[in-house]
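Here is the structure we will look at.
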Amino acid sequence: MSCLFCKIIRQEIPANIVYEADDILAFEDVNPQAPVHILVIPRKHIATTLDITDDDNELIGKMHQVAAKIAQDRSVADKGFRLVMNCNRDAGQTVFHIHLHLIGGRPMNWPPG
Ligand code: 5GP
Ligand code: ZN
């Protein structure tokens, strides 16, 4: 499979991995947009938010728990952080394997760009 994040999961492409479990992986974003920018992904290939099924509900919840744990480990939890999952073109999704962006370590604007 040519999916970039599946290649990271199979260790065909290096990544700075910060969390590993049997169903979830988290690693540093290669082009960080803030002092903390980590991607939390399922090992299961799910292309977009639109492809999430009932079978995935526990997995999606766990991805958020993993992100919260990493936010605490990186000391951005109290000040605040942002979790973002882009879906399709207008949102700027470029990798079609769902990923939760954990972004923190600086104040952020709303509405987003
Ligand atoms: P999207 O735009 O799909 O929401 O987010 C894709 C993210 O993946 C971007 O923030 C981009 O910097 C990151 N990314 C793209 N290629 C790689 C890579 O090879 N390694 C890592 N660690 N991150 C990547
Ligand atoms: Zn994939």
Side-chain angles (χ1 to χ4, degrees):
M1 200 195 279
S2 62
C3 169
L4 181 66
F5 287 174
C6 283
K7 286 181 179 168
I8 287 177
I9 289 163
R10 294 195 301 261
Q11 298 184 319
E12 293 169 13
I13 292 176
N16 189 357
I17 292 169
V18 300
Y19 174 89
E20 260 186 301
D22 56 357
D23 50 357
I24 290 173
L25 196 66
F27 52 89
E28 305 274 0
D29 195 294
V30 78
N31 183 24
Q33 302 301 312
V36 174
H37 190 170
I38 288 162
L39 302 174
V40 180
I41 71 170
R43 288 187 191 269
K44 176 183 177 183
H45 180 87
I46 301 170
T48 79
T49 300
L50 297 166
D51 300 298
I52 294 168
T53 69
D54 286 349
D55 288 346
D56 303 319
N57 286 342
E58 194 177 330
L59 179 63
I60 302 302
K62 192 171 169 194
M63 286 169 64
H64 286 73
Q65 287 184 300
V66 167
K69 173 77 168 56
I70 296 170
Q72 287 172 318
D73 290 348
R74 293 295 176 100
S75 304
V76 297
D78 288 347
K79 276 193 166 179
F81 57 91
R82 190 168 286 175
L83 300 179
V84 175
M85 188 178 287
N86 295 321
C87 182
N88 281 340
R89 187 184 53 213
D90 272 5
Q93 184 176 7
T94 58
V95 179
F96 287 81
H97 179 133
I98 59 166
H99 46 283
L100 204 50
H101 294 260
L102 163 60
I103 305 165
R106 65 166 172 82
M108 273 166 267
N109 298 321
W110 194 264

Please walk me through it: do V36 and F81 pass side chain to side chain contact (heavy atoms under 4.5 Å, CB included)?
CA-CA 9 Å; V36 174; F81 57 91; over 6 Å; no
Could you walk me through whether L4 and F96 pass the side chain to side chain contact (heavy atoms under 4.5 Å, CB included) check?
CA-CA 8 Å; L4 181 66; F96 287 81; over 6 Å; no
From CA spacing to verdict: side chain to side chain contact (heavy atoms under 4.5 Å, CB included), I9, I41
CA-CA 9 Å; I9 289 163; I41 71 170; 3.7 Å; yes
Pair M85-M63, side chain to side chain contact (heavy atoms under 4.5 Å, CB included): steps then yes or no
CA-CA 11 Å; M85 188 178 287; M63 286 169 64; 3.9 Å; yes
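Around atom CG of N57, more than 12 heavy atoms belonging to other residues, nucleotides or ligands sit under 6.0 Å away. Taking a 6.0 Å sphere around NZ of K79, one finds it holds 12 or fewer heavy atoms contributed by other residues, nucleotides or ligands. Heavy atoms from other residues, nucleotides or ligands lying under 6.0 Å from CD of Q11 number 12 at most.
Using a cut-off of 4.0 Å between Lys/Arg side-chain N and Asp/Glu carboxylate O, R74 and E28 are scored as salt-bridged.
In this structure, the separation between CG on L102 and CG on L83 is 6.0 Å, given to the nearest 0.5 Å. If you take CD1 on I60 and CG on D55, they are separated by 11.5 Å, rounding to the nearest 0.5 Å. Between the NE2 atom of H64 and the CG atom of L100 there is a distance of 4.5 Å, given to the nearest 0.5 Å. Residue L59 holds its CG atom at 7.5 Å from NZ of K44, rounded to the nearest 0.5 Å. One finds the NE2 atom of H101 at 12.0 Å from the CZ atom of R82 (value rounded to the nearest 0.5 Å). A distance of 11.5 Å separates CG in N16 from CG in D29, rounded to the nearest 0.5 Å.
For H97 and H99, the gap between ring centers reaches or exceeds 6.0 Å.
Contact detail for G104 and V76: the closest heavy-atom pair is C-CG1, 4.2 Å. Across P35 and G105, no two heavy atoms sit closer than the pair CG-O, 3.4 Å. Smallest separation of non-hydrogen atoms from A21 and R43: O-NE, 2.7 Å. Of all heavy-atom pairs spanning I38 and A26, the tightest one is CG2-CB, 4.0 Å. Summarising the geometry of P42 relative to I98, their closest heavy-atom pair is CD-O, 3.3 Å, with the distance given to 0.1 Å. A pairwise comparison of heavy atoms in R106 and A34 identifies NE-CB, 3.7 Å as the closest pair.
Residues I17 and V95 fall within the same hydrophobic cluster, defined by Ile, Leu, Val, Met, Phe, Trp and Tyr side chains chained together at heavy-atom separations under 4.5 Å. Under the 4.5 Å side-chain heavy-atom criterion for Ile, Leu, Val, Met, Phe, Trp and Tyr, I70 and V84 are members of distinct hydrophobic clusters. L25 is not connected to I46 by any chain of hydrophobic side-chain contacts under 4.5 Å among Ile, Leu, Val, Met, Phe, Trp and Tyr, and they are in different clusters. No chain of hydrophobic side-chain contacts below 4.5 Å, direct or via other Ile, Leu, Val, Met, Phe, Trp or Tyr residues, connects I8 to I24.
Relative orientation of the F27 and F5 rings is perpendicular, given thresholds of 30° and 60° on the angle between their planes.
Residues L50 and N88 form a side-chain contact, since some pair of their non-hydrogen atoms from C-beta on lies under 4.5 Å apart.
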